[in-house]
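A short write-up of the structure that comes next.
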Amino acid sequence: MRWRPCEIGQLLRGLDMVPLIGSALGAASIALPEPSSRPTFWLGLACACLLASRFLAGANAHRVREIAGIAAQAWRVLVAWSAVQGLLVALVLATDGMAVLSPRFFALWWSGGLVGLLALHVGAALAMRWATRTGRLQIRLALVGAGAAAAELIRKLRHDQGVVVVGVFDDRRSRIPISIAGCPVLGTLDDLVVLVADRGLDQVVITLPREATTRRLACLAKLRHLPVDVRLSPNVVGCDVDCLGVAQLAGLPLLRLCDRPLTGWAWLAKAMIDRTFAGIVLIATAPLLVAIAVLIRLDSPGPVLFRQRRFGLDNRPIDVWKFRTMYVDCCADGKSVVGARRRDPRVTRLGHFLRRTSLDELPQFGNVLCGQMSLVGPRPHAVAHHERYARLIDGYLARHRVRPGITGWAQVNGLRGEAETLARMQERVRYDLQYIENWSLRLDLRIILRTLLVGFSHPNAY
């Protein structure tokens with residue numbers, strides 16, 4: 001498993017709250033026996049968590065490039081946590097609150113919190129060093145443009161152990177060398193698209209020369225749908241593209257053209273909600289799951305679950321689980337799929353009911369719990385449909401910039417079931433991309449509520 005650098009800092013930021021809250025509760029149990037002191041304690045704890053998050057971030061304690069330095073991390077933690085405690089003590093003194101929150105409480109909280117934060121950040125530094133050394137935290141990137149700008153960037157990145165330049169790509173089929181500054185030229189942009197799907201990349205940096213405006217725009221149009229961050233090398237900048245801002249790679253500034261969706265806090269929040277909700281659903285519906293499994297075995301011979309190969313995050317194949325709703329000899333493996341139709345003879349008697357009520361999708365909460373799917377996202381398509389529509393619909397592959405979902409924006413807008421025409425699939429993709437570009441927890445909640453109200457039964461589900 002490879003870690004994403006952008007996710008490590010946010011995860012550490014969330015984990016900082018564990019020693020802060022734990023040390024506060026421990027200090028309160030020793031130094032605050034009076035029940036009347038509890039409201040003031042909880043207010044102080046909330047202020048401390050907010051201030052600590054800000055101060056530690058301001059001290060660069062969560063920056064990926066800074067985390068691996070043990071001595072520097074320890075100093076940042078000491079200064080930031082001491083500053084938080086100093087502000088809290090000053091606030092308590094200004095409001096005559098020392099009678100409630102005693103100096104002994106603050107001394108215990110400061111020392112306990114410091115020990116916990118130091119242990120966490122030193123552990124994170126050691127983990128970062130190990131992950132970088134073993135390749136689990138390396139940023140994998142590809143360069144577009146086999147020219148002098150690419151060679152210069154490769155030389156600058158070579159000293160950084162956390163960055164790996166996988167290769168260089170260029171659509172010109174002549175006048176380009178077999179390697180640039182020791183890095184191989186692996187093919188065209190079409191080859192780059194295949195590489196992203198097969199091996200996974202974190203970033204693509206466009207290093208085409210300043211005068212190649214048309215080529216850069218064509219590259220961006222093709223790359224913006226891939227599940228990677230797209231950057232522009234600043235030494236080839238021209239005012240032909242809109243930039244989102246500036247990002248750094250190994251200390252070098254790059255212009256942000258496209259960002260991978262759902263990073264940082266968004267990724268962490270969605271992952272936590274997905275796993276928690278999936279676990280609750282599986283526990284709450286356990287009797288129903290067992291009953292359905294028994295009925296499937298009584299209804300027709302064959303396995304209870306049906307696994308179909310589909311594509312998930314970063315276009316990587318996953319096995320999606322469902323309750324079996326067809327006779328065994330009619331179950332497709334995903335490579336050549338004929339969608340179920342009204343009164344389809346392949347569907348079992350129980351299968352018609354399970355499909356109508358979407359109960360056949362319940363095992364997919366197991367996919368969510370394993371991190372392969374999300375509660376909300378673009379529905380995963382079978383391999384045959386994926387390969388067909390990837391060729392026919394512009395932007396289709398952008399659906400895989402996030403994890404596929406059990407339900408989605410397209411499904412709650414009536415685009416569920418078989419896509420009888422290309423136009424209907426294009427409309428479904430449009431809704432999926434709209435969801436990705438406008439994602440928020442509020443939108444996820446809205447989709448879940450609409451699914452609960454109207455999504456379990458639909459005339460297109462058969």
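Computed from heavy atoms alone, side chains included, the values below leave out hydrogens, waters and symmetry copies.
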Does the side chain of N413 come under 3.5 Å of the side chain of Y435 through a donor N or O and an acceptor N or O?
no
So do I406 and V368 actually touch side chain to side chain, heavy atoms under 4.5 Å?
yes
Strictly below 4.0 Å, N to O, side chains only: are E152 and R155 in salt-bridge contact?
no
Can you name the nearest heavy-atom pair linking H121 to D16, along with the distance?
NE2-OD1, 2.8 Å
Can you check whether I318 reaches P404 side chain to side chain, under 4.5 Å on heavy atoms?
yes
Heavy-atom side-chain contact between M425 and R428 under 4.5 Å
yes
Counting neighbours of CD1 on I178 that are heavy atoms of other residues, nucleotides or ligands and sit closer than 6.0 Å, is the number greater than 12?
no
Check whether any side-chain heavy atom of W439 lies under 4.5 Å from a side-chain heavy atom of D444, and answer yes or no.
yes
Do the rings of Y389 and Y396 sit parallel, tilted or perpendicular, given the 30° and 60° boundaries?
tilted
State, with a plain yes or no, whether a side-chain heavy atom of L359 is found less than 4.5 Å away from one of F353.
yes
Please check if any side-chain donor atom of Q308 sits under 3.5 Å from a side-chain acceptor atom of R310, or the reverse.
yes
Heavy-atom check, side chain of F277 versus side chain of F365, under 4.5 Å:
yes
Do N367 and Q372 meet the criterion of a side-chain donor-acceptor pair at a distance under 3.5 Å?
yes
Atom pair CG (D360) and CE (M326), whose distance is rounded to the nearest 0.5 Å
10.0 Å
Show the numbers, then the answer: is there a side-chain contact (heavy atoms from CB on, under 4.5 Å) between V376 and K270?
CA-CA 9 Å; V376 181; K270 188 172 176 66; 4.2 Å; yes
With a 3.5 Å distance limit and no angle check, can you tell me whether R403 reaches the backbone of G371 through a side-chain donor-acceptor pair?
yes
In short, L143 meets A150 closest at the heavy-atom pair CD1-O, 3.8 Å
Do S374 and D274 get their side chains close enough for a donor-acceptor pair, meaning under 3.5 Å?
yes
In this structure, CD of Q411 is separated from OH of Y431 (nearest 0.5 Å) by 11.5 Å
Which residue is it: L20, V18, L12? I am looking for the one with a side-chain contact (heavy atoms from CB on, under 4.5 Å) to L120.
L12
What's the verdict on salt bridge (Lys or Arg N to Asp or Glu O under 4.0 Å) for R379 and E361, showing C-alpha distance, side-chain angles and the deciding distance?
CA-CA 12 Å; R379 284 294 296 162; E361 311 280 357; 3.2 Å; yes
SB check R231 D229 (cutoff 4.0 Å):
yes
Is there a donor-acceptor pair under 3.5 Å between the side chain of S440 and the backbone N or O of L443?
yes
In Å, rounded to the nearest 0.5 Å, how long is the span from OG1 of T357 to CD1 of I292?
7.0 Å
Going by distance alone, is a donor N or O of one side chain under 3.5 Å from an acceptor N or O of the other, for W409 and D432?
no
Once you round to the nearest 0.5 Å, how far does CG of L362 lie from CG of L282?
8.5 Å
How close do V429 and R399 get, counting heavy atoms only, and between which atoms?
CG2-CD, 3.9 Å
If you apply the rule side-chain contact (heavy atoms from CB on, under 4.5 Å), what do you find for V347 with R355, and how did you get there?
CA-CA 9 Å; V347 180; R355 285 173 171 265; 4.1 Å; yes
Please check if the side chain of T207 supplies one atom and the backbone of V144 the other of a donor-acceptor pair under 3.5 Å.
yes
Angle between ring planes, H400 versus F311, binned at 30° and 60°: parallel, tilted or perpendicular?
perpendicular
Decide if atom CE of M17 counts as having more than 12 heavy atoms of other residues, nucleotides or ligands within a radius under 6.0 Å.
yes
Would you say that Q203 contacts R140 through its side chain, given a criterion of any heavy-atom pair below 4.5 Å between the two side chains?
no
Do D191 and F169 pass the side-chain contact (heavy atoms from CB on, under 4.5 Å) test, and can you show the C-alpha distance, the side-chain angles, and the key distance before you say yes or no?
CA-CA 8 Å; D191 297 314; F169 296 82; 4.1 Å; yes
So, do L56 and R13 sit near enough that their side-chain heavy atoms are less than 4.5 Å apart?
no
Kindly indicate, with the supporting measurements, whether the criterion side-chain contact (heavy atoms from CB on, under 4.5 Å) is fulfilled by Q434 and N438.
CA-CA 6 Å; Q434 188 181 83; N438 298 281; 3.7 Å; yes
When every non-hydrogen atom of L15 is compared with those of P19, the smallest separation belongs to O-CD, 3.1 Å
So which heavy atom on V402 is nearest to which on P378, and how close?
CG2-CD, 3.6 Å
Hey, could you give me the CG/CG distance between L445 and L375, rounded to the nearest 0.5 Å?
11.0 Å
Does a salt bridge link R401 with E437, judged by any charged N lying under 4.0 Å from a carboxylate O?
no
From CD1 (I393) to CG (L422), nearest 0.5 Å
5.0 Å
Nearest heavy-atom neighbours spanning V166 and L186:
O-CD1, 3.8 Å
Between T451 (side chain) and I447 (backbone), is there a donor-acceptor pair under 3.5 Å?
yes
Hey, are S300 and R324 close enough side-chain-wise for a donor-acceptor pair under 3.5 Å?
yes
